[in-house]
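All remarks here apply to the structure that follows.
Every chain is numbered from 1 and lettered A, B, ... according to where its sequence line falls, protein lines coming before strand lines.
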Amino acid sequence: MHRRSLLTAAVAALGGSIAAGLAGLGGVFARATSRWPVRTAKDWAALCKVGELKEGEPLARSFSFVRLEGWYLEKVTRQVYVTRDARGAPVVYSRRCTHLGCQVTWKPKSATFRCPCHGGVFDGAGQVAEGPPPRGLDVLPSRVAGDLVEVEKA
Amino acid sequence: MSTEAPTARGPLRKVLDAWVFDKKVPAGCGFLRALGTALLVVLVAQGVTGMFLALAYVPSPDHAYDAIRSIDEDYAGGRLLRGLHHWGASAVMVLAFLHLARVYFTGAYKRPRQLLWLVGVALFGVLLGFGFTGYLLPWDMKAYWATDVGLNIVSSVPLVGRPLADLLRGGPEIGAPTLARMFALHVLFLPATLLPLAGLHLLLVHLLGITPPGARVGEPEVKSEPFFPGHVVKELAVAALALAVVVVLAWKLGPPLEAPASRDAEGYQPRPEWYFLGLFQLLKLFEGRAMIVGTALLPGLVAALVALLPWLDRNPERKAARRPVAIAAGVLLIAGFGSLTIAGARDPGSHLPPPPRLHVGDGSYVPPPSPPIEPPITPPDGDPRKKLLAEGETLIRSYECLGCHTLAGEGNTTGGGADSPPFEKAAAGHDAEWLERFLLDPKKFKPKTDMPSATQLEMGDDDRRKIVEWLRAVASG
């Protein structure tokens with residue numbers, strides 16, 4: 001009986017270490033492969049001339065850049081609206097709805113940005129007016145260089 | 001030999017008897033109790049069509065869409081193959097739901113089948129996982145945006161959501177790593193999870209048997225009847241019907257495909273596959289910070305309640321009339337999810353058709369011109385061909401080949417016969433290697449010939465190669 005309980009303990013110990021080892025390895029691999037390294041060069045993309053921006057008329061623009069994602073050279077295109085904020089300074093909104101990421105569109109009649117998926121509505125200042133979005137439209141880092149509005153390629 | 005009884009059966013026969021021929025089922029098992037087998041059969045079909053699709057598919061963003069298009073349009077039966085897999089997925093969802101509903105409404109999850117139910121619920125989750133990961137693989141608009149929304153839903157779950165979504169996405173947004181991951185999950189991780197779970201599910205069904213219709217928990221089975229062939233026929237009939245529906249849908253409707261995936265969704269209204277439409281609609285109901293109610297809390301709560309059902313519902317009755325609460329809850333849940341699904345379907349979104357496909361040959365696609373081939377290097381003293389012809393002629397004259405052969409009617413015109421052909425014909429039908437070997441040892445090829453070998457003629461390697469080149473040039477006119 002003594003021998004049997006010793007062997008039972010050995011089975012538990014060996015089985016436990018094998019299971020723990022495999023689980024640990026799985027964790028290491030999951031971590032190692034969880035993100036491909038992404039490399040982007042810091043750069044700016046011109047979107048429009050400052051003079052083109054009119055109060056309450058956001059301009060739909062897109063910009064592209066190339067980044068290295070693991071081995072894959074990916075061309076990334078981003079959709080944005082360029083407009084002026086309350087003080088008249090240029091501001092760049094991402095067109096990704098902050099709810100679940102669908103693409104918002106400016107509706108001039110109601111002067112709102114509308115999401116086609118779950119009914120999110122944002123006002124002209126990018127704040128939530130209606131529907132499920134948890135926060136206003138994301139503002140992308142931008143600058144004015146000469147007479148051009150530029151956005152960070154990221 | 002003598003230790004075994006004369007009626008001993010082979011091991012295979014024993015297994016078949018235990019699982020099929022000697023098996024009993026409770027009396028009164030109808031077609032509703034055949035849904036699980038139909039689901040199994042359709043899943044096997046999904047496995048087979050999936051394996052064949054994998055033969056032609058490439059999980060990389062720059063090739064996936066074209067690979068899918070090529071399967072549809074270039075492979076014999078490819079459209080049907082992908083159609084079967086696409087509509088098969090819908091059939092899996094329908095059958096899994098009906099099977100689950102049958103078990104729920106007949107109270108079959110009750111003691112002693114709690115574990116069987118739990119494994120079944122886990123299997124349902126795995127099947128939803130198959131649906132979700134299979135989604136992205138065609139890399140069209142629907143694939144991209146539905147996956148984007150789906151991963152953002154995962155991301156909204158408190159605490160674990162964000163790391164889990166990052167793990168599934170493999171980067172800041174959907175890209176090459178996401179596609180590689182979804183493919184790996186769809187064809188490796190999920191099947192590796194499905195197989196043992198399904199095996200366990202079947203084993204438990206076999207050990208515990210089908211629930212006697214209407215029997216209270218603990219009540220002994222009153223009547224039983226043979227499993228084979230009466231119930232097997234019902235199972236196969238339902239399976240055949242399900243497969244037939246899938247084939248007809250695949251044949252008539254084919255697999256859908258939209259425009260290639262793009263981040264630019266101007267005018268595009270993404271909608272998920274129909275079995276996710278209820279969840280999709282649910283998301284519209286919760287605003288602002290309450291959005292996690294729709295994305296995580298409510299679905300999570302329902303999933304937890306469903307999984308723990310056998311431990312929550314202690315009522316020993318199985319007859320519907322004696323379990324009004326459970327029946328009402330089930331009907332309410334189905335009605336709720338059903339009306340959400342219908343509401344979601346009323347707003348169908350948009351469909352961006354694939355762009356016209358470019359083909360080589362019909363003028364729609366003109367391949368870029370091949371890079372110019374380097375011109376042969378011309379020696380400064382003129383045309384290389386003329387030079388070769390002149391050098392070769394000098395050589396054959398110096399080795400006195402014209403003693404037997406002829407060149408342009410000059411040489412031994414008395415006719416050495418077929419043995420010494422004119423040089424214009426000597427190289428016909430032979431490549432350079434053969435000609436070289438012939439010159440090295442003609443007797444090996446024509447034992448009776450008088451032609452001297454290269455060694456006998458003291459012909460160097462350079463000369464021999466030049467003569468071969470010259471022979472081929474002369475033969476080609």
Separation between CG of B:L168 and CG of B:L185, rounded to the nearest 0.5 Å: 6.5 Å
Sorted by number, residues from residues 44-54 of chain A in contact with chain B (heavy atoms, under 4.5 Å): none
Atom group of B:P61 that falls short of 4.5 Å from chain A, counting heavy atoms: both
Student check: side-chain heavy atoms of B:M141 and B:S262 closer than 4.5 Å: yes
Under 4.5 Å from any heavy atom of chain B - which part of A:R96: side chain
Parallel, tilted or perpendicular, as decided by the 30° and 60° cut-offs, for the rings of A:F113 and A:Y81: tilted
Pairwise side-chain contact, A:H118 with B:V149, heavy-atom cut-off 4.5 Å (strictly under): yes
Derivation and outcome, salt bridge (Lys or Arg N to Asp or Glu O under 4.0 Å), residues A:R78 and A:E152: CA-CA 11 Å; A:R78 300 214 183 284; A:E152 193 180 344; over 6 Å; no
Pair B:W274-B:S90, side chain to side chain donor-acceptor pair (under 3.5 Å): steps then yes or no: CA-CA 8 Å; B:W274 67 267; B:S90 282; 2.8 Å; yes
Contact class of B:A180 relative to chain A, heavy atoms under 4.5 angstrom: side chain
SG-SG under 2.5 Å, A:C102 vs A:C117: yes
Closest-packed option against chain B by number of heavy-atom pairs under 4.5 Å, given A:T98, A:V128, A:L100, A:T77: A:L100
Contact origin within B:S156 toward chain A - heavy atom pairs under 4.5 Å: neither
B:D347 versus chain A, the contacting section by heavy-atom distance below 4.5 Å: neither
Portion of B:Q281 that has a non-hydrogen atom of chain A nearer than 4.5 angstrom: neither
Which atoms of B:Y268 approach chain A - backbone, side chain, both or neither, heavy atom under 4.5 Å: backbone
Any donor-acceptor pair under 3.5 Å from B:Y135 side chain to B:M182 backbone: no
Interatomic spacing from CD in A:Q103 to CD in B:Q269 - rounded to 0.5 Å: 12.0 Å
Under 4.5 Å from any heavy atom of chain B - which part of A:T105: side chain
Which portion of B:I174 sits near chain A, non-hydrogen atoms under 4.5 angstrom: backbone
Heavy-atom check, side chain of A:Q127 versus side chain of A:L137, under 4.5 Å: no
Contacting moiety of A:R67, where chain B heavy atoms sit under 4.5 Å: side chain
Neighbour count >12 (heavy atoms, 6.0 Å) for atom CG, A:L22: yes
